[in-house]
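Here's the structure we're looking at; comments come further down.
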Amino acid sequence: MAENESSNFIYKFIDEDLEAKRWGERVATRFPPEPNGYLHIGHAKSICLNFGIARDYKGSCNLRFDDTNPAKEEQEYVDSIMEDVLWLGFKWDNLYFASDYFDKLHDFAIKLIREGKAYVCDLTADEIREYRGTLTTPGKESPYRGRSVEENLDLFYRMGKGEFPDGSRVLRAKGDMASGNLNMRDPVMYRVLTATHHRTGDKWCIYPMYDWAHGQSDAIEGITHSICTLEFEDHRPLYDWFLAQLGEEFPTPPRQIEFARLNLSHTVLSKRKLIELVKDSYVDGWDDPRMPTISGFRRRGFTPESIRDFAGRIGVAKKDSLVDYALLEHCLREDLNKRAERRMAVLHPLKVVITNYPEGETEHFECVNNPEDESAGTRMVPFSRELYIERDDFMEDPPKKFFRLGPGREVRLRSAYFITCEKVVKDADGELVELHCTYDPESRGGASPDGRKVKATLHWVSAAHAVDATVRLYDRLFTEENPGVEKDGISYLDKMNPDSLTELEGCKVEPSLSKLSPEERVQFERLGYFVADRREHSAEKPTFNRVTTLRDAWAKISGK
RNA sequence: UGGGGCGUGGGCAAGCGGUAAGCCACCGGUCUUUGACACCGGUUAUCGCAGGUUCGAAUCCUGCCGCCCCAGCCA
């Protein structure tokens with residue numbers, strides 16, 4: 001049994017197999033990405049599942065690149081995938097490539113040919129499709145199906161030597177052209193492909209197909225449970241069949257188990273669409289903070305812990321589902337609330353002059369770094385006569401439920417003083433310029449001197465000490481809950497949120513913020529969690545990304 | 001009668017014959033030097049539908065209905 005409370009059907013299967021001693025005590029999994037794109041949150045679910053099983057059963061988990069199609073795969077993707085898996089917090093027991101097994105796969109294919117179970121087919125791609133039949137009608141056998149073993153062997157060797165052009169011939173297994181499962185209708189095992197492979201270079205000009213490579217690769221590595229997504233369910237009979245043909249080689253073949261892939265609301269997770277977003281510059285690269293890629297979430301400021309927590313909470317089942325993005329945000333906030341230190345930053349500055357505060361004077365207030373974690377300590381924040389507060393924290397004609405600053409109202413400045421708004425200063429056009437306030441010296445530190453209460457506590461930054469910063473506010477990339485589902489011919493591209501990125505310049509932040517390291521996360525009090533941009537933040541040009549907002553009761557009341 | 005899957009509250013998801021967990025969301029309230037956090041309480045379930053078996057069914061059987069996947073020399 002696994003050493004935790006995980007309860008899903010895969011754990012159940014493994015428990016049964018363990019009990020039946022199908023592979024003895026051993027549990028071995030693998031995460032098998034094709035290096036043709038960056039990993040996304042859906043892959044994170046699979047990674048957490050596979051590596052989690054290895055952890056829970058004290059087994060092993062390999063990272064294996066399914067690199068059987070050099071036409072689409074690149075080293076850049078290999079590198080990014082390794083980086084992302086590591087960042088998520090997992091270490092593979094072995095790093096392998098399907099291309100490591102090309103020689104073995106080739107030998108296995110020859111064995112099948114010798115046994116009359118595979119043949120070289122000269123049909124064109126179009127012809128193969130025609131011969132395959134349709135979903136409801138059986139296919140018919142290829143005219144090349146009856147070639148002799150000798151001829152097949154000769155042709156296959158010559159395919160491998162590059163004697164035939166791309167697409168001219170394939171090696172096929174003899175399945176059943178009448179099978180209701182199209183995968184069994186003489187599946188292609190090898191195709192001729194002249195392309196330089198990122199690892200094997202020009203050694204090969206024939207490459208194995210997924211179905212021929214995957215099961216054998218699993219078996220070679222001694223994988224016990226080969227976990228994949230639902231769309232491969234139809235491939236399982238073929239997976240099992242190929243391994244059965246290699247019986248003596250693999251006496252205890254792996255068991256393929258399928259689960260439903262993740263769908264996340266307000267985004268798309270199809271590789272094709274993500275590639276399109278990047279290649280056609282709808283976003284700024286694979287790690288654009290709006291992207292649902294692992295590197296995107298990383299740059300956005302998400303923690304690996306929150307993503308792992310999310311993966312654990314969504315469960316594993318076989319039902320198609322659409323998980324609410326709010327759950328991911330919840331996991332993030334829960335994690336960051338405990339860990340992120342608090343800071344003050346004003347995104348939309350409104351100047352406040354404390355008219356009864358001595359000119360030229362500065363004092364420092366001790367501010368708690370994290371009320372959830374005493375060990376985070378305190379810091380000193382400068383205060384002076386002129387400050388900035390958030391524009392949204394003032395209303396000239398406030399409704400009843402607004403209890404921040406307004407004419408004649410008193411509020412607390414966090415960790416500083418109570419102030420009262422005495423005068424609203426406007427320019428010739430009637431635009432708000434600044435506020436004149438008075439402070440109560442008795443309220444130093446923010447404590448109510450005579451027991452009187454204020455309804456609001458505002459964040460603030462001393463104007464003389466403020467550091468200018470660039471702050472990027474991110475929102476969901478798509479306006480619809482499930483943009484990937486096309487109806488009425490409307491593309492997901494037409495559902496992109498025009499306001500998914502708002503870049504603010506000239507934000508006023510407390511001095512300590514320029515000292516943040518890239519990727520360091522903090523909470524801007526009352527606003528949300530922010531991260532120093534991994535690539536662009538520096539002390540000279542502080543640049544922050546909003547990871548997510550704080551929950552905002554006022555936004556609900558005010559209908560924003 | 002092509003094959004393979006899936007259907008439990010708004011979103012996930014336990015449950016596997018003994019009378020519907022939990023999480024998210026939502027709605028109230030308490031607390032509060034973050035309208036945050038925390039805490040308390042609440043709402044939504046004829047378990048796709050219809051029959052059947054059984055003392056008893058979300059769980060077993062039968063028949064329907066709905067949704068998803070498969071006709072790449074992609075994975």
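Hydrogens, waters and symmetry mates are skipped; everything else that's a heavy atom, side chains included, is used. By convention in this document, chain letters (A, B, ...) are assigned in the order of the sequence lines, proteins followed by strands, and residues within each chain are numbered from 1.
- As a whole-Å value, the separation of A/L336 CG from B/U34 P is 19 Å.
- At least one side-chain heavy atom of A/K273 sits less than 4.5 Å from a side-chain heavy atom of A/Y492.
- Here the separation of B/A25 from B/G66, taken at their C1' atoms, is 26 Å to the nearest Å.
- In terms of modelled atom types and a separation under 3.5 Å, the side chain of A/H198 and the main chain of A/Q75 share no donor-acceptor contact.
- A heavy-atom distance below 4.5 Å is not found between the side chains of A/L39 and A/W286.
- When rounded to the nearest whole Å, the span between CZ of A/R339 and C1' of B/C37 equals 16 Å.
- Nucleotides B/A20 and B/C24, compared at atom P, are 23 Å apart to the nearest Å.
- Between B/G72 and B/U59, the distance separating the two P atoms is 39 Å to the nearest Å.
- Here A/R551 reaches the OP1 or OP2 of B/C26: one of its side-chain N or O atoms lies under 4.0 Å away.
- In terms of position along RNA chain B, the nucleotide closest to A/T137 lies nearer the 5' end than the nucleotide closest to the other residue of the pair A/R526 and A/T137.
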What one-letter contact string describes nucleotides 6-23 of chain B from 5' to 3', where B marks a base within less than 4.0 Å of any protein heavy atom, S marks contact via sugar-phosphate atoms alone, and - marks no contact?
SSS--SSSSSB------S
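- Of all nucleotides listed (B/G35, B/A36, B/A25), B/G35 comes nearest to the side chain of A/R404.
- Aromatic ring orientation, A/F524 versus A/F530: parallel (interplanar angle below 30°, classes split at 30° and 60°).
- Using C1' as the reference atom, B/G17 and B/C47 are 15 Å apart when rounded to the nearest Å.
- Summarising the geometry, atom CZ belonging to A/F108 is positioned 9.0 Å from atom CG belonging to A/L243; distances are rounded to the nearest 0.5 Å.
- Between A/F524 atom CZ and B/G35 atom P the separation is 17 Å, expressed in whole Å.
- Across the protein-nucleic acid pair, A/R333 atom CZ and B/C24 atom P stand 12 Å apart, rounded to whole Å.
- Using a 4.0 Å heavy-atom distance criterion, A/T457 is classed as a sugar-phosphate-only contact.
- Going from atom OH of A/Y325 over to atom P of B/C24 covers 17 Å, rounded to whole Å.
- Here the CG-OG1 distance, from A/L105 to A/T68, works out to 9.0 Å after rounding to the nearest 0.5 Å.
- To the nearest 0.5 angstrom, A/D335 atom CG is 3.5 Å from A/T303 atom OG1.
- Note on A/E510 versus A/R379: salt bridge recorded, some NZ/NE/NH1/NH2 to OD/OE distance being below 4.0 Å.
- Listed pair A/K556 / B/C26 meets the phosphate criterion, a side-chain N or O lying under 4.0 Å from OP1 or OP2.
- Rounded to a whole angstrom, the distance from the C1' atom of B/U19 to that of B/G28 is 31 Å.
- The residue A/F402 sits close to a base: some heavy atom pair falls under 4.0 Å.
- The separation between A/D176 atom CG and B/G2 atom C1' is 12 Å, rounded to whole Å.
- With ring centers used as reference points, A/Y417 lies under 6.0 Å from A/F383.
- Evaluated for a ring pair (Phe, Tyr, Trp, His ring centres under 6.0 Å) with A/Y190, the options A/Y119, A/Y210, A/F156 yield exactly one hit, A/F156.
- Looking at A/M189 and A/F242, their side chains come closer than 4.5 Å, going by heavy atoms from C-beta outward.
- Following rounding to the nearest Å, A/L328 (CG) and B/C24 (P) show an atom-to-atom distance of 14 Å.
- Protein atom CG of A/D373 is 13 Å distant from nucleotide atom C1' of B/C37, rounded to whole Å.
- A salt bridge links A/D126 to A/R129: one of the charged nitrogens lies within less than 4.0 Å of a carboxylate oxygen.
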Using a 4.0 Å heavy-atom cut-off to protein, can you give one letter per nucleotide of nucleotides 70-75 of chain B, 5' to 3': B if the base is in contact, S if only the sugar-phosphate is, - if neither?
BBSBSB
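- Among residue pairs with one or both ends in residues 175-197 of chain A, those qualifying as salt bridge (Lys or Arg N to Asp or Glu O under 4.0 Å) are A/R145-A/D186; sequence neighbours excluded.
- Ring planes of A/H43 and A/H40: tilted class, angle from 30 to 60°.
- For residues 445-460 of chain A, the salt bridge (Lys or Arg N to Asp or Glu O under 4.0 Å) pairs, not counting sequence neighbours, are A/E410-A/R452, A/D440-A/R452, A/D450-A/R452.
- A/Q523 comes within contact range of at least one nucleobase, with a heavy-atom separation under 4.0 Å.
- Taking a pair as Watson-Crick or G-U with both hydrogen-bonding distances under 3.5 Å, the stems of three or more pairs touching RNA chain B are B:2-7 with B:65-70, B:10-12 with B:22-24, B:26-30 with B:38-42, B:48-52 with B:60-64.
- Syn is the glycosidic conformation of B/G72, whose angle stays within 90° of 0.
- Rounded to a whole angstrom, the distance from the C1' atom of B/G56 to that of B/G18 is 6 Å.
- When the P atom is used for both B/A71 and B/G9, the distance is 31 Å, rounded to whole Å.
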Each nucleotide N or O in nucleotides 39-43 of chain B that has a protein N or O under 3.5 Å away: list the pair and distance.
none

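- Between B/A57 and B/A50, the two P atoms lie 15 Å apart (nearest whole Å).
- Salt-bridge annotation for A/E390 and A/R526: absent, with no side-chain N of the basic residue lying under 4.0 Å from a carboxylate O of the acidic one.
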